[in-house]
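Below is one structure. I have some questions about it.
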Amino acid sequence: MSNPRGAPTDTWDCNYMLPGPPSRNNFGSADLSPSGLLAFSSGSSISILQSPSLQLISTIPLPPPSTTSNSLSPFLTSVRWTPSTLRRDLLSTEPSTSHLLLAAGDRHGRIALLDFRLRSVVLWIDPDPNPKLGIQDLCWILSRPDSYVLAAINGASTLSLYNTTTSAACIWKYDASPEYLSSIRRDPFNSRHFCVIGLKGFLLSVTVLGEKEDEIVIKELQIRTDCTELLKLEKDLSAGSSSSPASALFTLYMVKFAFSPQWKHIIFVTFPRELVVFDLKYETTLFAASLPRGCAKFLDVLPDPDNELLYCAHIDGRLSIWRRKEGEQVHIMCTIEELMPSIGTSVPSPSILSVLISQSESTLQNVGKLYSHAPHTPSANLDYGNPFDFSDDTLLLSKTHLMSISDDGKIWNWHLTAEGAGDIQKNVTSSAMDANVSEVLFPGTNTNTMASSGGLAPEASKQLEHMNDRVNRPSNSTSSQSDMSFKVSLTGMLQLLSSAVTMLAVPSPSLTATLARGGNYPAVAVPLVALGTQSGTIDVVDVSANAVAASFSVHNGTVRGLRWLGNSRLVSFSYSQVNEKTGGYINRLVVTCLRSGLNRAFRVLQKPERAPIRALRASSSGRYLLILFRDAPVEVWAMTKSPIMLRSLALPFTVLEWTLPTVPRPVQNGPSRQSPFSSKDGTISSDGVSSPTIASSSDSKAVSSDGSQDDTSESFAFALSNGALGVFEVYGRRIRDFRPKWPSSSFVSSDGLITAMAYRIPHVVMGDRSGSIRWWDVTTGQSSSFNTHRDGIRRIKFSPVVAGDRSRGRIAVLFYDNTFSVYDLDSQDPNANSLLQPQFPGTLVLELDWLPLRIDKSDPLVLCIAGADSSFRLIEVKINDKKVGYVPQPHAIKERFRPMPLCSPILLPTPHALALRMVLQLGVKPSWFNTCSTTIEKRPHLIPGTPSSVKDLRSHMIDLPPIGDSVVPELLLKVLEPYRKEGCLVDDETARLYATIVSKGCAARFAFAAAIFGETSEALFWLQLPRALDHSMDKLVKKSPQKNPTSSELDDTAMLSRITSRGNSLPGTEKTDSLSPGQLRLMAFGQEELWESATKRITWHEKLEGEEAIQNRVHELVSVGNLEAAVSLLLSTSPDSSYFYANALRAVALSSAVSRSLLELAVKVVAANMVRTDRSLSGTHLLCAVGRYQEACSQLQDAGCWTDAATLAATHLKGSDYARVLQRWATHVLHVEHNIWRALILFVAAGALQEALAALRETQQPDTAAMFVLACREIYAETFTKMENPDDESESIGKSMPNLPGLNPENEDVIAVAEYFGQYQKKLVHLCMDSQPFSD
């Protein structure tokens, strides 16, 4: 049911990963935690970003269901943050990250519990895998004071509850068919209560009283709605799709609901064209409104956390705002706003997938609203960022933070403000704030307090005074709906990859590629990777920031080719077919300038062409471009400001590659020659005479003694369709033969067409469609080759080389089956030392290239990967002198550059987060938040006061702590100092809010501390505490003034369910008595014994009658090889028997294996027309008939017929084939039957001594394991002596006996057994000496 996954998924560092765009296949799954972390799914990955700053924190790909090479990860369809808060019970437990758990469900019905800080799956919940009921929605429900269960909609109509302890068992199931269940939500007033809505209006109300099946209370309700459209869609459904989730069956038919955050028992439901307010207590509809014509269907409904407003998202990207009429549960649409601004004219236009509302900002605003109007607020802290927000006619009533996700990879940040007329009374405030907090004349003041600005301008301060006069002036007028206006402002947008990735290109400018602004400075390698996409956009990724730096809309169709020209221009192409009859193509070639963002098309023709472009190849200087066509000559272009075609080459090229930049090296005067891919870098003579073609190539940069250089020509290598190779050189407008030194004639193979090539002077490496790799030194003619024994080769990429590298021959190879490998051509056997990664976890690899940013030989090699799941990943490859390997890395490849600090306290290590929480609670001076970083320029917080440089950090505290040790705050501040210096504790706005409330008492600080850690309930408790205490004091004073007031206690209800890993139980051992000859048969493994035993059993069954008995008898006869008797028995079947058809089929097949005459006899006897099917074992008989005994044994073992398989193997198999059957049988006996002794015999019989020893070690039997090794060695020595010299033993003296395979003395297991046995002996001695003698 559940299995904590271990190391395999951690072998790859995917911390450097950009997800592809989310799609409707992800069901719009996203969740915004109360602490401000947004998690959303795209493809099979979960991305987590910080909502205020829109910075990507991490992307976690989920592993595929199985480890087979062609297994892909399914789409993720639901994501939910745990409601548990930061645990503080450090005295009883270790610090945990259980507050950062995330539940994710996918289309295969798997549910994973992820700890995103550890970037791993903590627990798998695997429901019944057959059929695969995808997850429609998830929700956490409180089951006990300290633990949650997980509610899930599986498939179309199944609701399940899972406990999330190590057992991960399903504790309750409910089938709602034929209803389609759509969404689950938890009741904000009762965390044990939740509701589930169906597409047809079915509503299930569930209360969880415990974790047993009889502790679940349900109530079934029905909301009446028009289902005409749904019934039409149902008719169109295919027969086998009923098990799919509702969002997969009806993509654009969505039914969502939400509990009212203000009113208990009230839920808001959106059907596609209807908004319903339903009362759970009265079980009736209170209000229903149909959408007016012209409005698109509803997507989701979001109640404002603080105000009587509903935000309804529509599938066309609009947002309708509904307001409740005073005194009744009737909602009126106020306005419709646009959440998908039309940027450009992309076709198809992007659609909105989900909209979320921020709880964290709402809680902080509540803290600010309560304390911002206090009389002692210093005007310096009331910093109004935008004076235009405060006109004389309107006042800010509320400010809500919304986020939306669209399918073009964009995450949008919106601030929705409600403004009212000047005279506004307190009744416009949230009913929740009225009832639960306090009466505030003007709740919106602090919203402006939190705006960011440098200081208070004179005009703003005058306006502030004027506004405060108006706010505090009593008024009798009430606000009406017409007094309110709404404004939606876009405050930020994050662009991720915009579409499925089709091409990948990295810049590797040569030393002759100069900067675009001119001069002789060489272009540097920039940390940018260009990705071409299916939608025609080019996304440029900044790998140092793990973000999309720019996105250019270049083509209308798929980008089919992409190359860098130097380091600041890109050239790309796409083509479209005019029509299928004429077959003409329109080729579109575009040069994109990264600096200006301009796209300039070139080679624009008036008429369609006969051939489409096949590929582009740009020289490393960016000056020349080769355009390859399908069945047309190659064109050579000079990529000047206005590109010029130099000439065309009418040769049958299959592949072309320009030379790569060579290794930068110090100036040398003398020539030096080395072996291919030598670690010394001087492979090219520098006199410019003896090898003029090489010296003049752009990448050699041969520098003579006077410093002059020839950098006007570049060369490219090619292969022709007939297998011929060559190197051409482009010199100005001329193209000439490079005149390389040719390899031997046997080098060119006739069988494999060359499909990939890489060229770095002086080496050309080629790969063909048979998987062979050849390389050739164009200066010496040396060549070599090897076969990868893999699929055909699609790409070969040289790894970047720096001065001092041990090897220059490392290549990454991408195969046609979308797997890849890394080889070192410098090694003696590249295949043996290769780094084979046949399957990138969970996705196929479409394109790869090396990141050319290495400066020093200690820098890691980094591979850029474009996955089939549209993701972009960086993989770090570790190189040592012995073997290449992938490094498991918990950290990013390099320290990530962030444009602004990542201010999210919940992300700090748990002890540090608790330290910050305590410092904020005790009270720290606001100036402490000012950054004084010297390493990175960061915007200061601009809070009055400067951070003190005194050594006593306690001076930062507003006062000595009233409780506890006074030294503790100093120690906590010291721990937090690195975070403070980098400015990554809280953002400017939050720091300014803290400055306004820090002197307002403990409760304000406690509420603030709870709010920034997402603990909404606790924050509201602290906000309510002063008022509640005042209330109780009033009662005490009135009732009994002489008594002391009592203090209220806080009941801690926010505890997380403990997630512990299940321990692996060890296989047990069974005690055996002294063996009798009959019991020895249980340990039989020899071929004669097994065959004899089975033959004897046949005679016992000859008199048995009945269909089932005959089937079993046939099976026994086939197992022992008596086919004639089996055919005779099968032919005796009555034609009326239900088994006749299958028996006849087997009789014919088996008789054909015996003799021609028997086959003819069988065919005469057989009659057909029987329709019943036979047992699955019949297939093994057919396999036997054609001599496929190994497969037959495997089938029998799969069916659980272990003894029959062994009998069949004993009859027909020998040697290693027989041993394989025995070894698999032994594994079954050990792990399933837990019979270790039987398993050991079978392991030894199969020659698997190491497995036998491992089984003994697993059962914690050190003495038996050691004895086993000694016994095996002794028997082996005796056998070896007899084999060597059976007659005269004296001759064999002096001959060395080879070690026993699997148990040689150098074997790690054998050494460990010996050491363990030694420890066991010492322990035994100590126990014996310490024990008292036995006395009678």
Side-chain angles (χ1 to χ4, degrees), residues 86 88 363-383 446 449-450 903 905-906 908 911-932 941-981 983-1015 1018-1027 1029 1047-1048 1050:
L86 193 66
R88 302 189 283 281
T363 312
L364 278 171
Q365 281 183 39
N366 283 338
V367 177
K369 286 172 185 177
L370 259 176
Y371 294 100
S372 61
H373 71 287
H376 300 295
T377 304
S379 62
N381 288 334
L382 282 177
D383 181 11
N446 187 68
T449 310
M450 290 156 63
C903 302
I906 199 77
L908 301 180
H912 294 177
L914 292 171
L916 176 62
R917 185 186 167 91
M918 183 176 287
V919 164
L920 294 173
Q921 286 173 327
L922 294 176
V924 67
K925 291 175 182 172
S927 60
W928 181 67
F929 290 109
N930 285 332
T931 56
C932 57
H941 288 294
L942 298 173
I943 292 172
T946 54
S948 170
S949 60
V950 293
K951 290 184 179 177
D952 187 3
L953 291 170
R954 280 178 292 182
S955 62
H956 287 303
M957 304 300 291
I958 57 171
D959 206 349
L960 286 177
I963 52 168
D965 193 337
S966 62
V967 181
V968 169
E970 182 180 7
L971 298 174
L972 298 183
L973 289 170
K974 196 171 184 179
V975 166
L976 296 170
E977 190 65 12
Y979 300 111
R980 186 194 72 79
K981 282 183 175 176
C984 53
L985 286 173
V986 294
D987 56 41
D988 303 358
E989 203 168 320
T990 312
R992 260 196 305 279
L993 174 60
Y994 184 72
T996 65
I997 61 101
V998 68
S999 57
K1000 302 300 191 321
C1002 294
R1005 294 198 298 271
F1006 296 170
F1008 177 88
I1012 69 164
F1013 283 101
E1015 296 168 25
E1018 187 188 340
L1020 293 176
F1021 162 77
W1022 291 117
L1023 291 177
Q1024 284 286 63
L1025 184 64
R1027 190 160 174 253
L1029 207 53
S1047 63
S1048 63
L1050 171 63

Side chains of T990 and D987, donor plus acceptor under 3.5 Å: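 Side chains of T990 and D987: pair found under 3.5 Å.
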
Results of side-chain contact (heavy atoms from CB on, under 4.5 Å) for F1006 - residues two or more places apart only: Q921, C1002, W1022

Side chain to side chain contact (heavy atoms under 4.5 Å, CB included) evaluation trace for R1005 with L920: CA-CA 7 Å; R1005 294 198 298 271; L920 294 173; over 6 Å; no

Nearest heavy atoms of G983 and C903, plus distance in Å: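 Heavy atoms of G983 and C903 come nearest at O-SG, 3.3 Å.
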
Check ion pair R980-E977 (N to O, under 4.0 angstrom):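 Judged by the 4.0 Å cut-off on N to carboxylate O distance, R980 and E977 do form a salt bridge.
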
Atom of A1019, atom of A1010 and distance for their closest heavy-atom approach: N-CB, 3.7 Å

Evaluation steps, side chain to side chain contact (heavy atoms under 4.5 Å, CB included), between V986 and Y979: CA-CA 10 Å; V986 294; Y979 300 111; over 6 Å; no

Side-chain heavy-atom pair E1015, R917 within 4.5 angstrom cut-off: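 Yes, their side chains come closer than 4.5 Å.
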
Validation row: V998, F1008 side chains within 4.5 angstrom (heavy atoms):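 The answer is no; the side chains never approach within 4.5 Å.
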
Taking every non-hydrogen atom, the tightest pair across L993 and L364: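 The pair with the smallest heavy-atom distance is CD2-O, 3.7 Å.
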
Considering all heavy atoms, the nearest L922-M957 contact: CB-CE, 3.6 Å

Minimum heavy-atom distance Y994-V919, with the two atoms named: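 In terms of heavy atoms, the two residues are closest at OH-O, 4.3 Å.
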
Test item: L916 and L908 side chains (from C-beta on) under 4.5 Å apart, heavy atoms: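 Yes, their side chains come closer than 4.5 Å.
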
Closest approach of M918 to L972 (non-hydrogen atoms, all atoms of both residues):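 Looking at all heavy atoms of both residues, the shortest contact is SD-CD1, 3.5 Å.
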
Side-chain touch L914/P911, heavy atoms, less than 4.5 angstrom: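 When only atoms from C-beta onward are counted, P911 and L914 do not touch, as no gap falls below 4.5 Å.
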
